[in-house]
Amino acid sequence: NLYLLKKKMGLGKETIRIAHMNIVLRPFDYNDYVSAFENWTSDRRTAQHLSWNPHKSCKDTENLIRQWIHEYVQTENYRWCIDFHGASIGCLEVKSRKKTHEISYCLGSKYWNQGIMTCALQECLNYLSQNNMTEFMALCLDANDKSKRVLEKNGFAVTATTQQNGNTYLVYTKSTV
């Protein structure tokens, strides 16, 4: 398993397991592709707020997860599977930029409005803050009210707007210093 190889070799940042109540943030596993496909990568409602289209087959999701697992060895970023009762229901990613860490996430629509993403992001931020990461940012489609609420509940504030591909995005930032 590449994740264990990376851990043994000390490469990249360690995407560790973080558990809180029924939610577990953990590295993706090769077997996650079926539940990921069923719960979020094929979900049209989830994809409407993302930069990619819903997956049409389990094979698409399997290829994506294989790529992500391979990247655990090569990257300085974090990517967690959001596991709820043993199923992959979403993804949370942190890309390290010089001083700022960019947060992005998605969650299957049948899990919206249950506090899952708010809790997952809160646990992620706690972990990152304990590891001396204090400056965070996230881009959010202006039309994505649910995601805006998740960010605001976690202490993010809008600091700018930007246009990309004809869409308006809000730039959210948070400092834990």
Side-chain angles (χ1 to χ4, degrees), residues 2-29 32 40 46 49-52 65 67-84 88-108 111-164 167-177:
L2 289 174
Y3 170 69
L4 294 176
L5 174 68
K6 181 190 114 180
K7 188 173 178 181
K8 287 178 187 175
M9 295 176 68
L11 299 171
K13 295 187 179 194
E14 186 177 348
T15 300
I16 66 156
R17 181 182 177 92
I18 302 170
H20 180 77
M21 299 178 67
N22 294 325
I23 302 164
V24 177
L25 300 179
R26 60 171 175 76
F28 278 93
D29 180 89
D32 285 325
W40 60 280
T46 297
H49 301 296
L50 303 174
S51 60
W52 44 273
I65 289 176
Q67 174 188 332
W68 285 350
I69 290 171
H70 181 71
E71 289 173 0
Y72 283 133
V73 175
Q74 303 173 336
T75 185
E76 287 296 310
N77 300 325
Y78 296 91
R79 184 177 290 116
W80 283 279
C81 170
I82 301 171
D83 181 307
F84 187 64
S88 174
I89 64 167
C91 178
L92 198 159
E93 182 176 14
V94 180
K95 293 181 181 175
S96 294
R97 311 279 188 237
K98 293 179 183 176
K99 290 183 180 180
T100 302
H101 307 282
E102 183 177 347
I103 307 281
S104 60
Y105 52 83
C106 64
L107 186 69
Y111 299 97
W112 293 352
N113 299 316
Q114 297 178 42
I116 294 170
M117 194 70 245
T118 300
C119 180
L121 180 56
Q122 180 179 30
E123 292 303 313
C124 170
L125 292 169
N126 288 342
Y127 169 75
L128 297 172
S129 295
Q130 290 168 6
N131 286 278
N132 301 315
M133 290 171 248
T134 59
E135 303 294 325
F136 305 100
M137 65 87 57
L139 289 179
C140 182
L141 272 171
D142 190 28
N144 189 346
D145 293 332
K146 291 176 185 349
S147 190
K148 290 191 287 191
R149 287 200 27 87
V150 166
L151 291 166
E152 290 163 2
K153 285 180 181 180
N154 276 283
F156 283 77
V158 176
T159 55
T161 60
T162 187
Q163 296 286 322
Q164 292 181 9
N167 294 310
T168 301
Y169 288 85
L170 303 176
V171 179
Y172 279 84
T173 58
K174 175 181 175 142
S175 176
T176 60
V177 177

Exercise for the section: Show your working on side-chain contact (heavy atoms from CB on, under 4.5 Å) between Ile23 and Glu123 and close with a plain yes or no. Expected result: CA-CA 10 Å; Ile23 302 164; Glu123 292 303 313; over 6 Å; no
Exercise for the section: List the steps and the verdict of side-chain contact (heavy atoms from CB on, under 4.5 Å) for Val158 and Leu151. Expected result: CA-CA 9 Å; Val158 176; Leu151 291 166; over 6 Å; no
Exercise for the section: Answer whether the closest heavy-atom distance between the side chains of Met117 and Tyr111 falls below 4.5 Å. Expected result: no
Problem - Value rounded to 0.5 Å, distance of OG in Ser129 from NE2 in His101 - result: 9.0 Å
Handout entry: Short side-chain to backbone donor-acceptor contact, Tyr78 and Leu92, under 3.5 Å
Key = no
Practice task
Over all heavy atoms of both residues, which pair between Arg79 and Glu71 is shortest? Give the atoms and the distance, please.
Solution key: NH1-OE1, 3.0 Å
Practice task
Show your working on side-chain contact (heavy atoms from CB on, under 4.5 Å) between Glu102 and Val94 and close with a plain yes or no.
Solution key: CA-CA 5 Å; Glu102 183 177 347; Val94 180; over 6 Å; no
Problem - Polar side-chain atom of Lys174 near backbone of Asn154 as donor-acceptor pair, under 3.5 Å - result: yes
Completion exercise
Note: Ile69 and Asp29 closest approach over all heavy atoms is CD1-C, 3.5 Å
Completion exercise
For Trp40 and Cys91 the tightest heavy-atom approach is CH2-CB, 3.5 Å
Handout entry: Check: Leu107 main-chain N/O paired with Thr46 side-chain donor or acceptor under 3.5 Å
Key = yes
Practice task
Assess whether atom CZ of Arg149 is packed by more than 12 heavy atoms of other residues, nucleotides or ligands within 6.0 Å.
Solution key: no
Practice task
Verify side-chain contact (heavy atoms from CB on, under 4.5 Å) between Tyr172 and Ile103, making sure each step is shown before the conclusion.
Solution key: CA-CA 10 Å; Tyr172 279 84; Ile103 307 281; over 6 Å; no
Practice task
Give the minimum heavy-atom separation between Tyr105 and Ser147, together with the two atoms involved.
Solution key: OH-OG, 2.7 Å
Handout entry: Whether Asn77 side chain and Ser96 backbone form a donor-acceptor pair below 3.5 Å
Key = yes
Completion exercise
Smallest heavy-atom separation, Cys106 atom then Leu50 atom, equals CB-CD2, 3.8 Å
Problem - From Glu135 atom CD to Arg97 atom CZ, the distance as rounded to the nearest 0.5 Å - result: 15.0 Å
Practice task
Give, for atom CG of Asn126 and atom OG1 of Thr176, the distance between the pair rounded to the nearest 0.5 Å.
Solution key: 9.5 Å
Completion exercise
CE (Met133) and CG (Leu125) are apart, to the nearest 0.5 Å, by 10.5 Å
Practice task
Specify whether Trp112 and His49 have parallel, tilted or perpendicular ring planes, treating 30° as the upper limit for parallel and 60° as the lower limit for perpendicular.
Solution key: tilted
Exercise for the section: Starting at OG1 of Thr173, measure out to CZ of Phe156 and round the result to the nearest 0.5 Å. Expected result: 8.0 Å
Problem - Heavy-atom donor-acceptor pair, Tyr72 side chain to Phe28 backbone, under 3.5 Å - result: yes
Fill in the blank from the handout: Separation between CE (Met137) and OG1 (Thr100), nearest 0.5 Å, reads 7.5 Å
Handout entry: Contact summary for Pro27 and Asp32, nearest pair of heavy atoms
Key = O-OD2, 4.4 Å
Problem - Residue pair Ile82 / Leu25, side-chain heavy-atom distance below 4.5 Å - result: yes
